[in-house]
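Atoms within a ligand are numbered from 1 in the order they appear, just like the ligands themselves. These values consider heavy atoms only, across backbone and side chains, with no hydrogens, waters or symmetry-generated copies.
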Amino acid sequence: MILPTARLASYQAKFEMDSPKGNRYNPQQIEPKWQEIWAEQQIDRTPAPDDRPKFYALSMFPYPSGNLHMGHVRNYTITDVIARFKRMQGYRVLHPMGWDAFGLPAENAAIQRNTHPAKWTYENIAFMKGQLKPLGFSLDWDCEVTTCSPDYYKWTQWLFLQFFKSGLAYQKEAAVNWDPVDRTVLANEQVDSEGRSWRSGAKVERKLLRQWFLKITDYAEQLLVDLDKLTGWPDRVKVMQANWIGKSVGAYLEFPIVGSIEKIAVFTTRPDTAYGVTYVVLAPEHPLVASVTTIDRVDRVTAFVQSIAQVSELERTAEDKPKRGVATGGKAINPFTGAEIPIWIADYVLFEYGTGAVMGVPAHDHRDFAFAQCYDLPIQTVIVSGQKLEVDRPEESKSAYTESGSIVNSAQFNGMNSIEAKAEMIKFAEEKGFGKARIQYRLRDWLISRQRYWGAPIPIVHCPSCGIVPVPDEQLPVPLPENIELSGRGASPLAQLESWVNVPCPSCGEPAKRETDTMDTFIDSSWYFLRFPDAKNDRQVFDSTQVNDWMPVDQYVGGIEHAILHLLYSRFFTKVLRDRGLLNFDEPFKRLLTQGMVQGLTYTNPHKSGKDKWIPSNLVDPTNPIDPETGEPLETIYTTMSKSKHNGVAPEEAISKYGADTARMFVLFKAPPEKDLEWDDADVEGQSRFLNRVWRLVTDYVESKTETNQTVDKNLRRAIHTAIKEVTEDLTGEYQFNTAISEMMKLSNALQDTKDKTSVTFAEGIKTLLILLAPFSPHIAAELWSQLAYEGYVHTQKWLEFDPEALVVDRITLVIQINGKVRGNIQVPASADKIALEAYARNSEAAQKYLEGKEIKKVIAVPGKLVNFVV
Ligand SMILES: [Zn+2]
């Protein structure tokens, strides 16, 4: 890897080398210059609180993978335009950046390259900072946070202890992915689509381990209800969160086991189908499995349970996979009908979900129907569509009826509407003592234990006498030991380091052992936005006054891939810290923008498979795309940029070719921010041409500038103030950067077409264009501003307000005629078309007076002159 500083130096040298003579637009020359000036002037620094309104603009911070890609460029450009615009509007702005720096890729890279995760991570951060700099983002690097740094994870650990002290962090047994060859726990990302280990290739097993959880389920209802407060969030993100939380209202029912005092508990959202329950199913891990299994079935049940232990949860519940099960021989009683029904176990029932048991209603559930058909279980119809009271030959039904309808075959409930029957049947179950109404959430507690090295150690000591003991605050951080062997094999890496594991108990002083699990990196990113306003605090996690001042984030920008977990966890953290008295707000992110992907031109050979099907574009003639190896015609598509598809455009490539301002303009102009955008060189060049036109327009003006005359050019003034109005609106409501840029192009054309370039209005136009351009294309705007010798910097100018007077179009006198006779006249806008003119004329006093009671046969409108009514 090239050292980042060397890399940057070579970059700068290249700019100088290429710089042409004369006053031509040369982004490679002006961009580094302005980046230096901004840094010196500290124009991007976060101001101390004053009486200006605050604005917190935040991009989702990156993982330091070692390479900045176009998706990052798009994300940070959007946030940067907003931050710069808000500063010019008179807000004090916080626009920070940091690094989501813990996580598995660093550990994997360390194993593969025989280096240390810290070294790999910090080198990547330095390199990516070098890549970010030439893009001219107005970031305040003074409040940078890096989650793998001890001064950050100290507070991650402190926050974990806050959860622990609130009873929101606990340990329980949970299944992990277990590699039986390397004898190690694997993260989900380390298990391939066939359920094999990324490293050993062994079929991954499920194994139960004691692990740490955060009790997010305590906040399920609040996380759901408060979605309504998020009026600045895309609806689809709120729907995804609501579905993830998965609230369902239904019934908790108990099915007695024949010959036992035990009962099987189930949760159902369809109590109205209770009379149609013909079997119950337990998860293979359910503790009742052993006791309900009859002697003759023990071998088959045991074999089934063992086979299921090898299968991942995802595979077990996949919709397209056939469901497998086995009868236990045991029987339960349907408490509604009193009938004895068989107890089965099946792969699709998960012990971690709900009660770990479900009731089987094959007539009214698709999955149960398929299962019953496969294993020849009875199907009992209890709901029919419409008002029918009879069942038409149910044995012939080919699929489950899952809609609502009329209840049949259900004793006293027959004839009831099935929706009303739900409440009635729950009431009945309550009276008889075998059930009750219950709300259930799909959301499960958050498993935060990772048996990995590169994460924040969980600050707990296990003492033989005292049990689980939190590490005292003054002993934080629990440091990650540096001298560690990472092999990817064996137990958790920290567990192998005895000198680190063995510590005296903080409570009794006797020999004890540290917790060896580290925390899920999603914890680091669940609070980083709270650290930025007070990033250097070494006495507390943050100063609440400062955080309450800056929070919530006014505009958050990031990828839709974080629509669920990161945003949900951040909301959960905010609510818990609020309840601990550390924060005074309910929601962390006021407005959310999920930007679309950047896609690259991609060539694929449909006759090839695997990664060979992607053909690098430098081997293809775009006018005749054929496979250089086989001569077969290629398909041309746009798809997400990735190394394996050879379709990426590196940001530094684009910057050295066109400059950062052009790259910024392109990503803003090509598509609305939430839509995917296709990288297209022709369109990039279009933006480059536009900036070149602006450059010529302004530099010509600088050169030819004589005395300014005081003539007011009304048409140009209208163009100027229309641009101010439209661009301001495009940056205020829904962000419409593309139409904002169109408006600037219109203004630039209007200025170009103006004959008198010495008027006071032309001067106003040039100044306006640069101010409007400043958030979008900051370098060229700053450079031209300084060439005009205007005062100060363009970015410290006040944003413009449009003059409504200037927007008023000229008015003309319109003559009103009735049957060719002049009856009056009115003032109308000069630009009014025929339809508008007729409407103005009809409403005129003259027309109302002379047309009363008459039938209009024809209306003749002559724009600019008259309207004649023929009656
Ligand atoms: Zn102790």
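Remark: Trp233 engages no residue in a side-chain hydrogen bond (donor to acceptor under 3.5 Å, both in side chains) (not counting sequence neighbours). Applying the side-chain hydrogen bond (donor to acceptor under 3.5 Å, both in side chains) rule to Tyr252 yields the partners Glu254; only residues at least two apart in sequence or on another chain are considered.
You'll find the ring centres of Phe102 and Trp454 inside the 6.0 Å limit.
Around the Zn ion (ligand 1), the protein atoms of type N, O or S found under 2.8 Å away are Cys463 SG, Cys466 SG, Cys505 SG, Cys508 SG, listed by chain and number.
Using modelled atom types and a 3.5 Å distance limit, the side chains of Trp99 and Tyr528 yield no donor-acceptor pair.
Residue pairs meeting the side chain to side chain donor-acceptor pair (under 3.5 Å) criterion with at least one member in residues 505-517, sequence neighbours excluded: Trp212-Glu515, Ser449-Asp517, Gln451-Asp517, His462-Glu515, Asn502-Lys513.
A cation-pi geometry, defined here as NZ or CZ lying under 6.0 Å from the six-membered ring centre and within 45° of its normal, does not hold between Lys590 and Tyr556.
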